[in-house]
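Here is how names work: the chains are called A, B, and so on, in the same order as the sequence lines, proteins then strands, and each is numbered from 1.
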Protein chains: 2
Amino acid sequence: MSDPRDDGKGRPTARSGGAEARGRARRQSQARILEAAEAVFAASGYDGATTAEIARRAGLPKANVHYYFATKEAIYRAVIDRTLKLWLSAFEPLGAEDDPAEALSAYVRAKMRHSREHPLASRIFAREMLAGAPVVRDFLETELRSWVRTKSAVLRGWAERGLMDPVDPPQLFFMIWAVTQTYADFDAQICAVLDKPRQTQRDFETATETVLKVLLEGCGVRRAAPAQAASTRVRAAS
Amino acid sequence: MSDPRDDGKGRPTARSGGAEARGRARRQSQARILEAAEAVFAASGYDGATTAEIARRAGLPKANVHYYFATKEAIYRAVIDRTLKLWLSAFEPLGAEDDPAEALSAYVRAKMRHSREHPLASRIFAREMLAGAPVVRDFLETELRSWVRTKSAVLRGWAERGLMDPVDPPQLFFMIWAVTQTYADFDAQICAVLDKPRQTQRDFETATETVLKVLLEGCGVRRAAPAQAASTRVRAAS
DNA sequence: GTCTATAACCTGATAGAC
DNA sequence: GTCTATCAGGTTATAGAC
(Lines give C-alpha, C1' and ligand atoms only; values in the text may rest on other atoms or scores of the structure.)
Protein backbone atom coordinates (compact mmCIF):
# COMPACT_ATOMS: atom_id res chain seq x y z
CA MET A 1 0.00 0.00 0.00
CA SER A 2 2.86 2.41 0.70
CA ASP A 3 4.03 2.83 -2.88
CA PRO A 4 1.58 1.52 -5.43
CA ARG A 5 3.42 3.15 -8.32
CA ASP A 6 5.68 0.15 -8.86
CA ASP A 7 5.68 0.08 -12.62
CA GLY A 8 9.47 0.23 -12.75
CA LYS A 9 9.50 2.79 -15.55
CA GLY A 10 10.60 6.37 -15.72
CA ARG A 11 13.25 6.42 -13.04
CA PRO A 12 15.85 9.15 -13.76
CA THR A 13 18.74 7.95 -15.92
CA ALA A 14 22.13 7.95 -14.25
CA ARG A 15 23.68 10.46 -16.67
CA SER A 16 20.94 13.12 -16.55
CA GLY A 17 21.47 16.86 -16.33
CA GLY A 18 18.02 18.36 -15.72
CA ALA A 19 16.85 15.64 -13.42
CA GLU A 20 15.23 18.08 -11.03
CA ALA A 21 13.06 19.76 -13.63
CA ARG A 22 12.02 16.39 -14.94
CA GLY A 23 11.23 15.21 -11.42
CA ARG A 24 9.00 18.22 -10.94
CA ALA A 25 7.14 17.65 -14.18
CA ARG A 26 6.82 14.01 -13.23
CA ARG A 27 5.31 14.74 -9.85
CA GLN A 28 2.99 17.34 -11.32
CA SER A 29 1.68 14.98 -14.00
CA GLN A 30 1.19 12.23 -11.46
CA ALA A 31 -0.67 14.62 -9.17
CA ARG A 32 -2.96 15.74 -11.98
CA ILE A 33 -3.67 12.13 -12.91
CA LEU A 34 -4.49 11.21 -9.32
CA GLU A 35 -6.76 14.18 -8.87
CA ALA A 36 -8.61 13.37 -12.09
CA ALA A 37 -8.78 9.70 -11.17
CA GLU A 38 -10.25 10.49 -7.75
CA ALA A 39 -13.12 12.35 -9.37
CA VAL A 40 -13.75 9.66 -11.96
CA PHE A 41 -13.56 6.71 -9.56
CA ALA A 42 -15.84 8.52 -7.09
CA ALA A 43 -18.43 9.23 -9.77
CA SER A 44 -18.31 5.99 -11.74
CA GLY A 45 -16.61 3.34 -9.61
CA TYR A 46 -13.72 1.14 -10.64
CA ASP A 47 -15.47 -0.62 -13.50
CA GLY A 48 -17.30 2.44 -14.71
CA ALA A 49 -14.15 4.55 -14.83
CA THR A 50 -12.13 4.55 -18.05
CA THR A 51 -8.51 5.55 -18.44
CA ALA A 52 -9.61 7.71 -21.39
CA GLU A 53 -11.87 9.76 -19.10
CA ILE A 54 -9.15 10.07 -16.49
CA ALA A 55 -6.71 11.26 -19.16
CA ARG A 56 -9.23 13.74 -20.52
CA ARG A 57 -9.83 15.23 -17.08
CA ALA A 58 -6.11 15.40 -16.40
CA GLY A 59 -5.54 17.13 -19.74
CA LEU A 60 -3.14 14.44 -20.98
CA PRO A 61 -3.15 11.92 -23.80
CA LYS A 62 -4.25 8.51 -22.68
CA ALA A 63 -0.88 6.91 -23.37
CA ASN A 64 0.69 9.37 -20.97
CA VAL A 65 -1.45 8.08 -18.15
CA HIS A 66 -0.18 4.58 -18.84
CA TYR A 67 3.35 5.89 -18.86
CA TYR A 68 3.02 7.03 -15.24
CA PHE A 69 0.77 4.21 -14.05
CA ALA A 70 1.20 0.87 -15.75
CA THR A 71 -2.38 -0.28 -15.20
CA LYS A 72 -5.76 1.11 -14.27
CA GLU A 73 -5.52 -0.89 -11.07
CA ALA A 74 -2.28 0.88 -10.18
CA ILE A 75 -4.05 4.24 -10.51
CA TYR A 76 -6.86 2.97 -8.31
CA ARG A 77 -4.49 1.71 -5.62
CA ALA A 78 -2.70 5.05 -5.58
CA VAL A 79 -6.03 6.86 -5.18
CA ILE A 80 -7.12 4.49 -2.40
CA ASP A 81 -3.82 5.12 -0.65
CA ARG A 82 -4.59 8.83 -0.59
CA THR A 83 -8.15 8.14 0.55
CA LEU A 84 -7.08 6.06 3.53
CA LYS A 85 -4.53 8.66 4.60
CA LEU A 86 -7.29 11.28 4.51
CA TRP A 87 -9.66 9.02 6.40
CA LEU A 88 -7.14 8.52 9.16
CA SER A 89 -6.38 12.23 9.33
CA ALA A 90 -9.94 12.84 10.53
CA PHE A 91 -9.36 10.62 13.57
CA GLU A 92 -9.17 12.80 16.64
CA PRO A 93 -7.22 11.51 19.63
CA LEU A 94 -10.01 10.45 22.08
CA GLY A 95 -7.66 10.06 25.05
CA ALA A 96 -8.73 8.40 28.30
CA GLU A 97 -8.10 11.58 30.26
CA ASP A 98 -10.12 13.78 27.92
CA ASP A 99 -13.58 15.03 28.74
CA PRO A 100 -16.02 12.80 26.76
CA ALA A 101 -18.20 15.69 25.65
CA GLU A 102 -15.24 17.64 24.33
CA ALA A 103 -13.46 14.70 22.79
CA LEU A 104 -16.48 13.05 21.13
CA SER A 105 -17.75 16.42 19.98
CA ALA A 106 -14.40 17.20 18.35
CA TYR A 107 -14.34 13.78 16.74
CA VAL A 108 -17.82 14.06 15.27
CA ARG A 109 -17.09 17.58 14.05
CA ALA A 110 -13.89 16.38 12.40
CA LYS A 111 -15.76 13.59 10.64
CA MET A 112 -18.47 16.00 9.48
CA ARG A 113 -15.82 18.41 8.16
CA HIS A 114 -14.17 15.52 6.39
CA SER A 115 -17.41 14.66 4.60
CA ARG A 116 -17.87 18.28 3.64
CA GLU A 117 -14.32 18.84 2.40
CA HIS A 118 -13.50 15.45 0.89
CA PRO A 119 -16.73 13.96 -0.44
CA LEU A 120 -14.91 12.20 -3.28
CA ALA A 121 -12.65 10.32 -0.90
CA SER A 122 -15.67 9.35 1.17
CA ARG A 123 -17.51 8.00 -1.88
CA ILE A 124 -14.53 5.99 -3.07
CA PHE A 125 -14.28 4.46 0.39
CA ALA A 126 -18.01 3.71 0.37
CA ARG A 127 -17.74 1.98 -2.99
CA GLU A 128 -14.94 -0.16 -1.62
CA MET A 129 -17.15 -1.23 1.28
CA LEU A 130 -20.06 -2.06 -1.02
CA ALA A 131 -17.77 -4.20 -3.14
CA GLY A 132 -16.64 -6.12 -0.04
CA ALA A 133 -13.43 -4.15 0.56
CA PRO A 134 -11.27 -6.08 -1.94
CA VAL A 135 -8.43 -3.54 -1.75
CA VAL A 136 -8.74 -2.00 1.71
CA ARG A 137 -9.55 -5.16 3.64
CA ASP A 138 -6.04 -5.36 5.03
CA PHE A 139 -6.31 -1.79 6.31
CA LEU A 140 -9.66 -2.53 7.97
CA GLU A 141 -8.38 -5.66 9.67
CA THR A 142 -5.18 -4.12 10.99
CA GLU A 143 -5.07 -0.36 11.51
CA LEU A 144 -8.79 0.31 11.83
CA ARG A 145 -9.50 -2.74 14.00
CA SER A 146 -6.72 -1.84 16.39
CA TRP A 147 -7.89 1.80 16.52
CA VAL A 148 -11.38 0.63 17.45
CA ARG A 149 -10.01 -1.72 20.13
CA THR A 150 -7.99 1.05 21.74
CA LYS A 151 -10.75 3.63 21.64
CA SER A 152 -13.36 1.16 22.82
CA ALA A 153 -11.35 0.75 26.01
CA VAL A 154 -11.33 4.51 26.44
CA LEU A 155 -15.12 4.68 26.04
CA ARG A 156 -15.63 1.84 28.52
CA GLY A 157 -13.42 3.72 30.97
CA TRP A 158 -15.60 6.80 30.57
CA ALA A 159 -18.73 4.76 31.14
CA GLU A 160 -17.30 3.16 34.28
CA ARG A 161 -16.54 6.59 35.68
CA GLY A 162 -20.13 7.63 34.95
CA LEU A 163 -19.12 10.21 32.35
CA MET A 164 -21.33 8.62 29.71
CA ASP A 165 -23.88 5.81 29.38
CA PRO A 166 -22.61 2.29 28.77
CA VAL A 167 -22.97 2.03 25.00
CA ASP A 168 -21.33 -0.77 23.02
CA PRO A 169 -18.33 1.20 21.75
CA PRO A 170 -17.76 -0.42 18.33
CA GLN A 171 -21.46 0.00 17.56
CA LEU A 172 -21.21 3.66 18.51
CA PHE A 173 -18.32 4.12 16.10
CA PHE A 174 -20.29 2.42 13.33
CA MET A 175 -23.11 4.85 14.01
CA ILE A 176 -20.85 7.90 14.01
CA TRP A 177 -19.21 6.86 10.75
CA ALA A 178 -22.53 6.07 9.12
CA VAL A 179 -24.14 9.35 10.09
CA THR A 180 -21.25 11.62 9.24
CA GLN A 181 -20.42 9.93 5.95
CA THR A 182 -23.99 9.97 4.72
CA TYR A 183 -23.68 13.71 4.05
CA ALA A 184 -21.04 12.93 1.43
CA ASP A 185 -22.15 9.52 0.16
CA PHE A 186 -25.91 10.13 -0.02
CA ASP A 187 -25.67 13.75 -1.08
CA ALA A 188 -27.95 13.01 -4.04
CA GLN A 189 -30.69 11.77 -1.72
CA ILE A 190 -30.35 14.67 0.69
CA CYS A 191 -30.47 17.26 -2.08
CA ALA A 192 -33.46 15.58 -3.70
CA VAL A 193 -35.43 15.45 -0.44
CA LEU A 194 -34.54 19.00 0.59
CA ASP A 195 -35.32 20.26 -2.95
CA LYS A 196 -31.96 21.98 -3.33
CA PRO A 197 -29.38 21.70 -6.10
CA ARG A 198 -26.65 21.23 -3.48
CA GLN A 199 -26.18 21.29 0.29
CA THR A 200 -25.36 24.82 1.44
CA GLN A 201 -22.97 25.77 4.20
CA ARG A 202 -26.00 26.47 6.35
CA ASP A 203 -27.45 23.00 5.68
CA PHE A 204 -24.12 21.59 6.72
CA GLU A 205 -24.15 23.52 9.97
CA THR A 206 -27.72 22.44 10.75
CA ALA A 207 -26.71 18.88 10.04
CA THR A 208 -23.64 19.12 12.29
CA GLU A 209 -25.63 20.56 15.18
CA THR A 210 -28.37 17.94 14.82
CA VAL A 211 -25.88 15.10 14.61
CA LEU A 212 -23.97 16.35 17.64
CA LYS A 213 -27.14 16.79 19.70
CA VAL A 214 -28.59 13.38 18.89
CA LEU A 215 -25.38 11.34 19.12
CA LEU A 216 -23.99 12.98 22.27
CA GLU A 217 -27.23 13.11 24.21
CA GLY A 218 -27.97 9.65 22.89
CA CYS A 219 -24.98 8.23 24.69
CA GLY A 220 -25.50 10.35 27.78
CA VAL A 221 -22.73 12.94 27.59
CA ARG A 222 -23.46 16.64 28.09
CA ARG A 223 -22.57 18.79 25.13
CA ALA A 224 -19.45 20.90 25.18
CA ALA A 225 -19.60 24.60 24.33
CA PRO A 226 -20.16 24.77 20.54
CA ALA A 227 -17.20 26.84 19.39
CA GLN A 228 -14.07 25.54 21.10
CA ALA A 229 -12.10 22.47 20.08
CA ALA A 230 -9.26 20.22 21.18
CA SER A 231 -6.93 23.05 22.23
CA THR A 232 -8.83 23.98 25.39
CA ARG A 233 -9.46 20.56 26.89
CA VAL A 234 -10.94 20.17 30.33
CA ARG A 235 -9.55 17.28 32.32
CA ALA A 236 -12.15 14.98 33.78
CA ALA A 237 -12.24 14.87 37.58
CA SER A 238 -11.17 11.36 38.61
CA MET B 1 -41.08 2.62 -13.41
CA SER B 2 -44.19 0.48 -13.20
CA ASP B 3 -43.39 -1.93 -16.03
CA PRO B 4 -39.81 -1.77 -17.19
CA ARG B 5 -40.08 -4.99 -19.20
CA ASP B 6 -41.26 -3.18 -22.27
CA ASP B 7 -39.36 -5.07 -24.90
CA GLY B 8 -42.51 -6.01 -26.80
CA LYS B 9 -41.40 -9.58 -27.40
CA GLY B 10 -42.79 -12.86 -26.28
CA ARG B 11 -46.41 -11.97 -25.77
CA PRO B 12 -48.66 -15.01 -26.07
CA THR B 13 -49.96 -15.65 -29.58
CA ALA B 14 -53.72 -15.38 -30.03
CA ARG B 15 -54.15 -18.99 -31.13
CA SER B 16 -52.25 -20.69 -28.33
CA GLY B 17 -53.39 -23.70 -26.36
CA GLY B 18 -50.89 -23.98 -23.46
CA ALA B 19 -50.68 -20.28 -22.83
CA GLU B 20 -50.92 -20.72 -19.08
CA ALA B 21 -48.01 -23.12 -18.85
CA ARG B 22 -45.94 -20.82 -21.02
CA GLY B 23 -46.91 -17.85 -18.88
CA ARG B 24 -45.75 -19.70 -15.81
CA ALA B 25 -42.42 -20.62 -17.38
CA ARG B 26 -42.04 -17.05 -18.49
CA ARG B 27 -42.65 -15.61 -15.05
CA GLN B 28 -40.35 -18.17 -13.50
CA SER B 29 -37.50 -17.39 -15.87
CA GLN B 30 -37.96 -13.68 -15.35
CA ALA B 31 -37.96 -14.15 -11.61
CA ARG B 32 -34.75 -16.17 -11.75
CA ILE B 33 -33.09 -13.54 -13.90
CA LEU B 34 -34.14 -10.74 -11.56
CA GLU B 35 -32.93 -12.61 -8.49
CA ALA B 36 -29.58 -13.31 -10.14
CA ALA B 37 -29.34 -9.73 -11.39
CA GLU B 38 -30.01 -8.35 -7.91
CA ALA B 39 -27.05 -10.26 -6.52
CA VAL B 40 -24.75 -9.29 -9.37
CA PHE B 41 -25.71 -5.60 -9.39
CA ALA B 42 -25.34 -5.42 -5.62
CA ALA B 43 -21.89 -6.98 -5.71
CA SER B 44 -20.47 -5.34 -8.82
CA GLY B 45 -22.57 -2.30 -9.64
CA TYR B 46 -24.13 -1.50 -12.99
CA ASP B 47 -20.89 -1.24 -14.96
CA GLY B 48 -19.21 -4.13 -13.18
CA ALA B 49 -22.12 -6.47 -13.78
CA THR B 50 -22.13 -8.51 -16.97
CA THR B 51 -25.12 -10.13 -18.60
CA ALA B 52 -23.02 -13.29 -18.87
CA GLU B 53 -22.65 -13.43 -15.09
CA ILE B 54 -26.33 -12.77 -14.56
CA ALA B 55 -27.17 -15.58 -17.00
CA ARG B 56 -24.72 -17.95 -15.31
CA ARG B 57 -26.27 -17.27 -11.89
CA ALA B 58 -29.76 -17.68 -13.28
CA GLY B 59 -28.77 -20.99 -14.88
CA LEU B 60 -29.71 -19.80 -18.36
CA PRO B 61 -27.83 -19.15 -21.59
CA LYS B 62 -26.96 -15.54 -22.11
CA ALA B 63 -29.21 -15.16 -25.15
CA ASN B 64 -32.14 -16.22 -23.02
CA VAL B 65 -31.61 -13.28 -20.72
CA HIS B 66 -31.76 -10.97 -23.71
CA TYR B 67 -34.92 -12.67 -24.83
CA TYR B 68 -36.71 -11.64 -21.62
CA PHE B 69 -35.01 -8.29 -21.16
CA ALA B 70 -33.97 -6.46 -24.30
CA THR B 71 -31.09 -4.62 -22.69
CA LYS B 72 -28.94 -4.69 -19.59
CA GLU B 73 -30.49 -1.40 -18.59
CA ALA B 74 -33.96 -2.95 -18.74
CA ILE B 75 -32.82 -5.61 -16.26
CA TYR B 76 -31.39 -2.93 -14.01
CA ARG B 77 -34.56 -0.87 -14.07
CA ALA B 78 -36.62 -3.93 -13.20
CA VAL B 79 -34.32 -4.66 -10.26
CA ILE B 80 -34.49 -1.05 -9.08
CA ASP B 81 -38.26 -1.21 -9.26
CA ARG B 82 -38.21 -4.12 -6.86
CA THR B 83 -35.72 -2.36 -4.63
CA LEU B 84 -37.84 0.76 -4.27
CA LYS B 85 -40.93 -1.26 -3.47
CA LEU B 86 -38.99 -3.03 -0.75
CA TRP B 87 -37.60 0.25 0.55
CA LEU B 88 -41.09 1.70 0.86
CA SER B 89 -42.38 -1.42 2.54
CA ALA B 90 -40.11 -0.69 5.51
CA PHE B 91 -41.82 2.66 6.10
CA GLU B 92 -43.93 2.46 9.21
CA PRO B 93 -46.91 4.81 9.53
CA LEU B 94 -45.65 7.44 12.05
CA GLY B 95 -49.08 8.95 12.65
CA ALA B 96 -49.60 12.21 14.49
CA GLU B 97 -51.66 10.50 17.18
CA ASP B 98 -49.13 7.77 17.82
CA ASP B 99 -46.81 7.69 20.80
CA PRO B 100 -43.41 8.94 19.54
CA ALA B 101 -41.47 6.30 21.46
CA GLU B 102 -43.60 3.49 20.05
CA ALA B 103 -43.78 4.82 16.55
CA LEU B 104 -40.13 5.81 16.13
CA SER B 105 -39.02 2.61 17.78
CA ALA B 106 -41.12 0.55 15.38
CA TYR B 107 -39.79 2.54 12.44
CA VAL B 108 -36.14 2.09 13.40
CA ARG B 109 -36.71 -1.62 14.06
CA ALA B 110 -38.35 -2.01 10.67
CA LYS B 111 -35.41 -0.31 8.97
CA MET B 112 -32.93 -2.50 10.87
CA ARG B 113 -34.85 -5.62 9.88
CA HIS B 114 -34.88 -4.43 6.30
CA SER B 115 -31.07 -4.12 6.31
CA ARG B 116 -30.80 -7.57 7.81
CA GLU B 117 -33.22 -9.27 5.45
CA HIS B 118 -32.59 -7.38 2.22
CA PRO B 119 -28.95 -6.32 2.20
CA LEU B 120 -28.72 -6.64 -1.58
CA ALA B 121 -31.55 -4.19 -2.14
CA SER B 122 -29.92 -1.79 0.31
CA ARG B 123 -26.59 -1.97 -1.53
CA ILE B 124 -28.15 -1.41 -4.93
CA PHE B 125 -29.90 1.63 -3.52
CA ALA B 126 -26.63 2.87 -2.00
CA ARG B 127 -24.84 2.49 -5.33
CA GLU B 128 -27.56 4.53 -6.98
CA MET B 129 -27.03 7.34 -4.45
CA LEU B 130 -23.26 7.27 -4.93
CA ALA B 131 -23.72 7.55 -8.69
CA GLY B 132 -25.96 10.60 -8.19
CA ALA B 133 -29.30 8.77 -8.40
CA PRO B 134 -29.52 8.68 -12.22
CA VAL B 135 -32.39 6.20 -12.21
CA VAL B 136 -34.18 6.81 -8.90
CA ARG B 137 -33.99 10.63 -8.85
CA ASP B 138 -37.61 10.90 -9.83
CA PHE B 139 -38.64 8.66 -6.94
CA LEU B 140 -36.55 10.71 -4.49
CA GLU B 141 -38.00 14.02 -5.66
CA THR B 142 -41.62 12.91 -5.60
CA GLU B 143 -42.59 10.02 -3.33
CA LEU B 144 -39.75 10.26 -0.84
CA ARG B 145 -39.77 14.04 -0.62
CA SER B 146 -43.47 14.11 0.05
CA TRP B 147 -43.16 11.34 2.64
CA VAL B 148 -40.51 13.39 4.45
CA ARG B 149 -42.65 16.54 4.31
CA THR B 150 -45.64 14.76 5.81
CA LYS B 151 -43.69 13.00 8.53
CA SER B 152 -41.70 16.12 9.38
CA ALA B 153 -44.96 17.82 10.28
CA VAL B 154 -45.80 14.88 12.55
CA LEU B 155 -42.44 15.17 14.32
CA ARG B 156 -42.84 18.93 14.75
CA GLY B 157 -46.23 18.29 16.27
CA TRP B 158 -44.74 15.85 18.74
CA ALA B 159 -42.03 18.36 19.65
CA GLU B 160 -44.60 21.13 20.21
CA ARG B 161 -46.53 18.89 22.56
CA GLY B 162 -43.30 18.22 24.48
CA LEU B 163 -43.23 14.55 23.54
CA MET B 164 -39.75 14.83 22.06
CA ASP B 165 -36.98 17.42 21.68
CA PRO B 166 -37.16 19.82 18.76
CA VAL B 167 -34.88 18.10 16.27
CA ASP B 168 -34.78 19.11 12.59
CA PRO B 169 -36.98 16.30 11.22
CA PRO B 170 -35.42 15.75 7.78
CA GLN B 171 -31.98 15.59 9.39
CA LEU B 172 -33.28 13.02 11.84
CA PHE B 173 -34.55 10.89 8.97
CA PHE B 174 -31.18 11.15 7.21
CA MET B 175 -29.54 9.95 10.42
CA ILE B 176 -31.94 7.04 10.86
CA TRP B 177 -31.50 5.92 7.28
CA ALA B 178 -27.71 6.25 7.46
CA VAL B 179 -27.39 4.30 10.68
CA THR B 180 -29.75 1.49 9.82
CA GLN B 181 -28.48 1.02 6.28
CA THR B 182 -24.83 0.92 7.32
CA TYR B 183 -25.38 -2.60 8.68
CA ALA B 184 -26.10 -3.76 5.13
CA ASP B 185 -23.97 -1.41 3.05
CA PHE B 186 -20.83 -1.40 5.19
CA ASP B 187 -21.06 -5.02 6.28
CA ALA B 188 -17.49 -5.59 5.05
CA GLN B 189 -16.19 -2.90 7.38
CA ILE B 190 -18.20 -4.10 10.35
CA CYS B 191 -17.07 -7.70 9.93
CA ALA B 192 -13.45 -6.66 9.49
CA VAL B 193 -13.47 -4.51 12.62
CA LEU B 194 -15.32 -7.07 14.73
CA ASP B 195 -13.04 -9.85 13.43
CA LYS B 196 -15.95 -12.04 12.34
CA PRO B 197 -16.66 -13.69 9.00
CA ARG B 198 -20.22 -12.35 9.13
CA GLN B 199 -22.57 -10.50 11.44
CA THR B 200 -24.43 -12.95 13.65
CA GLN B 201 -28.02 -12.68 14.79
CA ARG B 202 -26.67 -11.63 18.17
CA ASP B 203 -24.55 -8.85 16.62
CA PHE B 204 -27.67 -7.67 14.86
CA GLU B 205 -29.62 -7.57 18.10
CA THR B 206 -26.86 -5.67 19.89
CA ALA B 207 -26.76 -3.23 17.00
CA THR B 208 -30.53 -2.76 17.08
CA GLU B 209 -30.59 -2.11 20.81
CA THR B 210 -27.67 0.33 20.59
CA VAL B 211 -29.18 2.19 17.66
CA LEU B 212 -32.56 2.44 19.41
CA LYS B 213 -31.03 3.68 22.64
CA VAL B 214 -28.84 6.33 21.04
CA LEU B 215 -31.32 7.63 18.48
CA LEU B 216 -34.39 7.70 20.74
CA GLU B 217 -32.68 9.16 23.77
CA GLY B 218 -30.80 11.44 21.43
CA CYS B 219 -34.02 13.10 20.37
CA GLY B 220 -35.52 13.08 23.83
CA VAL B 221 -38.16 10.37 23.65
CA ARG B 222 -38.40 7.67 26.30
CA ARG B 223 -38.00 4.15 24.98
CA ALA B 224 -41.02 1.93 24.54
CA ALA B 225 -41.09 -1.60 25.92
CA PRO B 226 -38.75 -3.65 23.69
CA ALA B 227 -41.02 -6.41 22.48
CA GLN B 228 -44.35 -4.94 21.43
CA ALA B 229 -45.02 -3.15 18.19
CA ALA B 230 -47.62 -1.10 16.38
CA SER B 231 -50.55 -3.28 17.40
CA THR B 232 -50.65 -2.08 21.00
CA ARG B 233 -50.34 1.65 20.50
CA VAL B 234 -50.77 4.07 23.37
CA ARG B 235 -52.49 7.31 22.45
CA ALA B 236 -50.59 10.40 23.48
CA ALA B 237 -52.37 12.58 26.03
CA SER B 238 -53.18 15.88 24.34
C1' DG C 1 9.54 11.93 -22.16
C1' DT C 2 5.45 12.49 -25.28
C1' DC C 3 1.92 11.07 -28.33
C1' DT C 4 -0.46 8.58 -32.53
C1' DA C 5 -1.92 4.34 -34.10
C1' DT C 6 -3.06 -0.18 -33.18
C1' DA C 7 -3.24 -4.69 -31.08
C1' DA C 8 -5.71 -7.85 -27.95
C1' DC C 9 -9.53 -8.50 -25.41
C1' DC C 10 -14.14 -8.34 -23.53
C1' DT C 11 -19.05 -7.13 -23.45
C1' DG C 12 -23.73 -6.29 -25.02
C1' DA C 13 -26.64 -7.63 -28.38
C1' DT C 14 -28.35 -10.44 -32.46
C1' DA C 15 -28.93 -13.87 -36.25
C1' DG C 16 -30.66 -18.01 -37.27
C1' DA C 17 -30.89 -23.15 -36.61
C1' DC C 18 -33.66 -26.13 -33.78
C1' DG D 1 -39.35 -20.54 -26.90
C1' DT D 2 -34.41 -22.00 -26.62
C1' DC D 3 -29.60 -21.87 -27.55
C1' DT D 4 -25.06 -21.71 -30.42
C1' DA D 5 -22.21 -18.81 -32.99
C1' DT D 6 -20.98 -14.38 -34.13
C1' DC D 7 -20.91 -9.37 -34.84
C1' DA D 8 -20.12 -4.55 -33.57
C1' DG D 9 -18.40 -1.43 -30.36
C1' DG D 10 -15.58 0.03 -26.80
C1' DT D 11 -11.67 -0.66 -23.37
C1' DT D 12 -7.01 -1.56 -21.65
C1' DA D 13 -2.54 -1.61 -22.84
C1' DT D 14 1.48 -1.22 -26.00
C1' DA D 15 4.47 -0.41 -30.11
C1' DG D 16 7.07 2.76 -32.21
C1' DA D 17 7.74 7.42 -34.41
C1' DC D 18 9.14 11.89 -32.70
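- Applying the side-chain hydrogen bond (donor to acceptor under 3.5 Å, both in side chains) definition to pairs two or more places apart or across chains, those involving residues 185-199 of chain B are A/R145-B/D195, B/S122-B/D185, B/D187-B/Q199, B/K196-B/D203.
- When rounded to the nearest whole Å, the span between CD of B/Q28 and P of D/dG1 equals 13 Å.
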- Message: For nucleotides 3-13 of chain C, give me one character per nucleotide, 5' to 3': B if any protein heavy atom sits under 4.0 Å from the base, S if the only such contacts are to the sugar-phosphate, - if neither.
- Response: BB------SBB
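- Here salt bridge (Lys or Arg N to Asp or Glu O under 4.0 Å) pairs that include residues 28-42 of chain A, with residues two or more places apart or in two chains, are A/E38-A/R82.
- Here salt bridge (Lys or Arg N to Asp or Glu O under 4.0 Å) pairs that include residues 174-183 of chain B, with residues two or more places apart or in two chains, number zero.
- Residue pairs satisfying the salt bridge (Lys or Arg N to Asp or Glu O under 4.0 Å) criterion with at least one member in residues 43-55 of chain A, sequence neighbours excluded, are listed as follows: A/E53-A/R56, A/E53-A/R57.
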Kindly list each side-chain donor-acceptor pair under 3.5 angstrom involving residues 173-180 of chain A, sequence neighbours excluded, with atom names and distances?
unit_1: A/W177; atom_1: NE1; unit_2: A/Y107; atom_2: OH; d: 2.7
unit_1: A/T180; atom_1: OG1; unit_2: A/I176; atom_2: O; d: 2.8
unit_1: A/T180; atom_1: OG1; unit_2: A/W177; atom_2: O; d: 3.3

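- OP1 or OP2 of C/dT2 sits under 4.0 Å from a side-chain N or O of A/Y68.
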